[in-house]
Number of protein chains: 2
Amino acid sequence: MELNEKQTAAIFKAFCDENRIKILQLLIDGEKCACRLLEAMNITQPTLSHHMKTLLDSGIVNGRKEGKWMHYSISEEGLEKAQKYIDYLKGEV
Amino acid sequence: MELNEKQTAAIFKAFCDENRIKILQLLIDGEKCACRLLEAMNITQPTLSHHMKTLLDSGIVNGRKEGKWMHYSISEEGLEKAQKYIDYLKGEV
DNA sequence: AAAATATATTGACAAACTTCTATATGTAAT
DNA sequence: ATTACATATAGAAGTTTGTCAATATATTTT
């Protein structure tokens, strides 16, 4: 494994909050803008923004700005990193 | 997915702390007792005990008591659950 | 029974995290 | 230019988490 403990923990921060899990679920069927995520969740706009930042930092979510909209989607690459770490723990690497 | 957001977050709690990641690394090459984990880490015994409880709760680690020793090991079953969730996010389920 | 050892629990404190309101920034429409 | 809309940032409050020292519990050894 090429990552240290801090970096690994940062990746998985994406998955250890209830609301972030909910956001990830919403992104499963494809890219969504922040406003659509917001209306599907029971949190304020700044709270969503904060979680999106955490998700971007973790690398599990991609962001794409288009005009005044911010579009978010699940990052295959990010998921693969997480997956690789779990494989590593399974002794499969 | 048969798990709710809270349960899913609980599983991944295992991976979102630096020290817990370190503990998991130590368990990769097999079961270890708490005392051996302790001497490999830079934390006090109660802190280790606290993290082991979190890891047990997450289902990622198994515990086995033998005399006065507590032996911990990585749970294949727990890892599989985590893995399945990530597969799910990838749209592979 | 007493001492020694391994681990867990309690309680306190500090750091980190989640959430909010208020406000700022950036973009598009009038 | 002004207004409207989408998102981000700042700052504060409350909550959770990580950590430790002190103590309790459980097991083994003497």
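Just so it is clear, the values below take in all heavy atoms, side chains as well, and ignore hydrogens, waters and symmetry mates.
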Checklist entry - Starting at NZ of B:K22 and ending at P of D:dG18, how long is that distance when rounded to a whole Å? => result 16 Å
Show me the donor-acceptor pairs within less than 3.5 Å that the side chains of residues 68-78 of chain A make with the rest of the protein, sequence neighbours left out.
unit_1	atom_1	unit_2	atom_2	d
A:S75	OG	A:G59	O	3.3
A:S75	OG	A:E77	N	3.4
A:S75	OG	A:G78	N	2.8

Item to check | Nearest-0.5 Å distance that lies between atom NZ in A:K13 and atom OG in A:S58 | outcome: 10.0 Å
Checklist entry - Got a second to check how far B:M41's CE is from B:N19's CG, nearest 0.5 Å? => result 4.0 Å
Checklist entry - Any luck finding a side-chain donor-acceptor pair between A:Q83 and B:D87 under 3.5 Å? => result yes
Checklist entry - Between atom CD1 of B:I11 and atom SG of A:C16, what is the distance when rounded to the nearest 0.5 Å? => result 12.5 Å
Checklist entry - Expressed in angstrom and rounded to an integer, what is the separation of A:H71 atom NE2 from C:dT27 atom C1'? => result 13 Å
Item to check | Side chain to side chain, B:L24 and B:V61, heavy atoms closer than 4.5 Å | outcome: yes
Checklist entry - Where along nucleotides 25-30 of chain D does protein come under 4.0 Å, by heavy atom, of base (B) or sugar-phosphate alone (S), with - for untouched nucleotides? => result -SBS--
Next on the checklist: Please report the interatomic distance CD(B:E39) to CG(B:L26), rounded to the nearest 0.5 Å.
Outcome noted: 10.0 Å
Which pairs of donor and acceptor atoms, one on a side chain in residues 46-56 of chain B, lie under 3.5 Å apart (sequence neighbours left out)?
unit_1	atom_1	unit_2	atom_2	d
B:T47	OG1	B:T44	OG1	3.0
B:H51	ND1	B:R20	NH1	3.1
B:T54	OG1	B:H50	O	3.3

Next on the checklist: Within the supplied structure, the quantity of interest is the number of heavy atoms (other residues, nucleotides, ligands) at a distance under 6.0 Å from B:D29 CG; does it exceed 12?
Outcome noted: yes
Next on the checklist: Any residue in residues 51-61 of chain A with a heavy atom nearer than 4.0 angstrom to DNA chain C? Just list them by number, or reply none.
Outcome noted: A:H51
Checklist entry - So how far off straight is the helix from C:dA1-D:dT30 to C:dT30-D:dA1, going by the axes through five pairs at either end, to 10°? => result 20°
Checklist outcome for this item: Rounded to whole Å, CZ of B:R36 lies from P of C:dT5 at a distance of 19 Å
Checklist outcome for this item: Tightest non-hydrogen contact, residues A:K90 and B:L79, listed as CG-CD1, 3.3 Å
Checklist entry - Hey, does B:R20 reach any base, or is it just sugar-phosphate, or nothing, if we go heavy atoms under 4.0 Å? => result sugar-phosphate
Checklist outcome for this item: When rounded to whole Å, the NZ to P distance for the pair B:K13 and C:dC17 reads 12 Å
Item to check | Nearest-angstrom distance from the residue atom NZ of A:K6 to P of D:dG18 | outcome: 14 Å
Next on the checklist: Nearest 0.5 Å, please: how far is CZ in A:F15 from CD1 in A:I21?
Outcome noted: 7.0 Å
Checklist entry - Hey, is the side chain of A:N19 poking within less than 4.0 Å of OP1 or OP2 on C:dT19, counting only N and O atoms? => result yes
Item to check | A:L48 CG to D:dT7 P, straight-line distance once rounded to whole Å | outcome: 8 Å
Checklist entry - Could you state the interatomic distance from CG (A:L89) to CG (B:L27), rounded to the nearest 0.5 Å? => result 9.0 Å
Checklist entry - Would you call the rings of B:F12 and A:F12 parallel, tilted or perpendicular, where under 30° means parallel and over 60° means perpendicular? => result parallel
Checklist entry - Separation of A:L38 atom CG from D:dT7 atom P, in whole Å? => result 8 Å
Checklist entry - Does atom CZ of B:R36 have more than 12 heavy-atom neighbours, drawn from other residues, nucleotides or ligands, at distances under 6.0 Å? => result no
Expected rows: protein N/O vs nucleotides 20-22 of chain D N/O, under 3.5 Å:
unit_1	atom_1	unit_2	atom_2	d
D:dC20	OP2	B:T44	N	3.0
D:dC20	OP2	B:T44	OG1	3.0
D:dC20	OP2	B:T47	OG1	2.7

